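The structure appears right after this line, and notes come after that.
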Amino acid sequence: MAEVQLRNVTKHWGGFTAVDDLSLTIADHEFLVLLGPSGCGKTTTMRMIAGLSDVSGGEIRIDGRKVNALEPKDRDVAMVFQNYGLYPNLNVYENIRFPLKVRKIDASTHRERVLKAAELVELQDLLERRPRELSGGQRQRVALARAIVREPNVFLMDEPLSNLDAKLRVSTRAQIKNLQHELSVTTVYVTHDQIEAMTLADRVVVMNRGVVQQIGTPMEIYDRPSNTFVAGFIGSPAMNLIEGSLAGGVFKAGDMRVSGLPDDGRDGDVVLGFRAEDAFVADGEEPAELEAAIYSVELQGDATMVTMRVGGELCSIKAAKSFEARIGDPLRVRIPSGICHRFDKKTGARL
Amino acid sequence: MNDTAVLRQPFVLRFATVGFIVFWTILAAFPLLWITLMSFKLPIDAFASDPLRVIFGFTTLRERGGLSVTALVLGAFALWLAYHGAEHHGRRFARYLALGGREWLGWLLAALVYVIALILGLFWILPAIVRVVEAILSHIPVLDYLARPMMGLTMQNYRAVWIGYRFYDNFINSMIVTTGTVVISLTVGTLAGYGLARTRSNVAFWLLIAALIFRALPHSVLVTGYLPVFIHSREFLAPLWNWHATAWFFHLFSDQPPTLYGQPLAVIMVLVSINQPFTIWMLRSFFMNIPAELDEAARVDGCSHLGAFRRVIMPVMWPGVITTGLFSFLLAYNDYLVCSLLLDAQSQTMVPAITSFFNRETTTTDQVQAVAAAVSITAPLFLLVIVFQKQIVSGLTQGAVKG
Ligand SMILES: Nc1ncnc2c1ncn2[C@@H]1O[C@H](COP(=O)(O)OP(=O)(O)OP(=O)(O)O)[C@@H](O)[C@H]1O
Ligand SMILES: [Mg+2]
């Protein structure tokens with residue numbers, strides 16, 4: 001059990017900066033998710049914590065101890081790899097037992113510990129199999145069991161679910177969540193899937209191009225994105241971001257006009273953001289903030305997603321599943337000022 | 001085997017394929033089978049123009065005795081049994097003998113027990129059984145033909161070659177040269193190949209070029225370059241023996257710098273230098289097939305970098321190491337030119353030594369003995385391929401095992 005601290009951690013590959021000045025404290029028992037698009041430096045960050053890559057600058061502390069110069073084996077972390085990294089020449093039992101064996105832990109306890117770990121991930125019946133005789137989901141669970149058998153200080157998981165099919169992903173996700181709760185070990189989890197991040201995390205770190213964009217609980221990140229990148233990355237569909245001009249608390253862009261925004265002198269070009277599910281179709285003759293022709297209609301089962309064109313951008317609105325309209329029909333949409341987020345057009349930062 | 005309609009071949013095609021393979025096998029294997037038969041016969045039979053005489057060796061049978069059908073059948077059965085036993089029960093037996101979970105100890109003990117059992121079985125138990133069966137059969141009419149010697153056989157050629165002409169000296173020299181070459185090539189090759197497989201540098205490309213050049217150059221060119229150095233190695237090496245910082249170390253081995261010419265060490269050095277780039281390059285491609293995640297998992301699980309190499313990577317690498325080792329072995333074992341130029345008569349290896357049999361007065365006796373020597377040289381190759389067949393096949397076909 002340990003706290004992990006990253007202080008101004010930087011990683012360069014030649015002239016390229018993969019992780020830039022990352023500072024972060026991961027509390028004891030916390031489930032922290034690193035989220036970001038492909039190539040943003042999530043894996044690099046995790047590998048630096050594990051000790052598989054050197055840091056170019058800054059320091060990493062585990063449990064208060066500086067570990068920059070320590071070998072991976074001396075950091076007492078356990079890692080689950082994207083492609084599992086199971087030992088092909090060993091059967092499941094020996095795979096799970098491997099960390100105990102190399103760390104010279106009292107051999108008489110091995111069997112009990114391996115069986116307990118295997119039971120936690122429901123592998124009891126497969127102990128004699130070789131990795132190549134297992135399905136993807138089963139391999140995944142072997143990798144998990146191998147990580148938990150040792151009761152390490154920190155778990156590191158690099159997109160552990162990315163090779164599983166959609167259904168298995170959901171059930172394994174729940175299993176990981178439950179496991180982390182049972183063992184309450186500090187966990188760093190890398191993913192580019194925001195649903196995984198939202199469901200698993202105590203806190204989420206959103207990264208882009210090696211720079212941290214926002215750190216917060218899933219709710220904070222969803223409700224108060226700190227810039228346009230986070231707003232456009234989180235949620236499905238992502239937040240509508242409309243460029244326009246703000247003057248005296250009134251936002252205008254194309255056929256859209258939102259009034260009642262705070263009048264705090266931030267006039268000028270801004271980006272207005274709101275979520276599809278917060279806006280709604282106006283009924284009757286009440287005044288609407290947006291009036292435009294429907295660009296497309298997508299049935300989603302539980303709702304209908306209606307897309308409209310505002311200025312140059314598309315903007316989606318979630319309507320009831322009973323909503324019926326055809327492409328080209330005119331539609332009036334309510335966008336109350338209370339659901340809107342304002343962002344600076346140049347920097348993208350929240351206003 | 002495969003019942004999918006797409007893969008089923010028309011009868012004519014299959015007949016042609018099988019026919020061709022059988023024909024080719026006979027064509028290729030014929031000389032080997034034929035000289036094997038010849039080597040067990042007296043010269044007069046071995047060089048007879050009647051093929052039946054070469055096969056059954058009538059004169060040999062009359063003068064030296066031979067084997068009955070019973071003995072041949074039982075002998076073949078015993079060989080099959082030895083092969084089958086090793087193939088199907090070897091692993092379990094080794095596990096059983098792995099005292100305290102040390103697998104290498106298990107394999108060592110199993111191999112030891114196996115060799116002892118094989119020698120006892122073939123030279124003691126088998127002859128006894130054959131004698132008993134023959135004795136029983138010879139009392140039964142008609143079947144007594146099976147007990148009567150019908151194929152002439154003599155070991156005199158082999159005895160002359162191995163004991164008379166001290167071929168075992170050449171055998172030992174061959175073993176020294178091949179073992180030295182294989183061990184050095186593989187040790188350097190695995191370490192360097194692993195290192196290269198895990199870096200992003202382009203050294204590997206230059207290595208490939210070097211491998212091609214060294215393999216393409218005629219060996220005589222390399223040997224010509226090395227020859228003066230080896231002949232004058234005493235002078236070349238003298239500084240190492242005289243300089244005080246290194247002197248104490250080299251004086252541990254000898255008081256004077258050695259003359260390398262004529263010593264197996266010289267041949268090993270040349271063969272390794274011919275072979276090393278190729279070995280490194282080949283092992284590197286095997287290592288590339290092993291995902292880096294595997295070493296990383298091991299390092300996080302508690303191994304040092306070298307520990308991960310030893311405990312996780314090497315066990316997966318065996319097919320690659322054995323296949324590469326086989327190439328080094330063949331190069332060293334079959335080498336003629338380097339050995340004959342760099343070694344003197346008393347430290348000669350088997351392949352060059354065989355020419356000395358042909359250079360004698362070449363009576364038919366000498367020729368049969370040369371044939372027996374030739375057969376003796378091929379036997380270890382067969383043994384090697386049979387023992388390592390699985391690793392060689394998987395090494396040649398799939399690279400290494402995937403995670
Ligand atoms: N060994 C390396 N040498 C040079 N550049 C590298 C190296 N490893 C990673 N990079 C670069 O660093 C950046 C971050 O890579 P990283 O693997 O951390 O991305 P990621 O966020 O894990 O992406 P993904 O979701 O695709 O796994 C990428 O642009 C990548 O090209
Ligand atoms: Mg990654």
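It should be emphasised that the depicted structure is a prediction, and the values quoted were computed from it without experimental measurement. Every chain is numbered from 1 and lettered A, B, ... according to where its sequence line falls, protein lines coming before strand lines.
With a threshold of 4.5 angstrom between heavy atoms, A:Phe98 approaches chain B through side-chain atoms but not through N, CA, C or O. In this structure, chain A has no heavy atom under 4.5 Å from any part of B:Ala292. Heavy atoms of A:Arg75 lying under 4.5 Å from chain B are absent altogether.
The candidate from A:Asn83, A:Leu90, A:Asp74, A:Asp76 with the greatest count of non-hydrogen atom pairs under 4.5 Å with chain B is A:Asn83.
Side-chain atoms of A:Glu196 and A:Thr191 include a donor-acceptor pair closer than 3.5 Å. For A:His12 and A:Thr17, the side-chain atoms include at least one donor-acceptor pair closer than 3.5 Å.
Using a cut-off of 4.0 Å between Lys/Arg side-chain N and Asp/Glu carboxylate O, A:Glu94 and A:Arg97 are scored as salt-bridged.
Using a 4.5 Å cut-off on side-chain heavy atoms (C-beta onward), B:Leu294 and A:Pro88 make contact.
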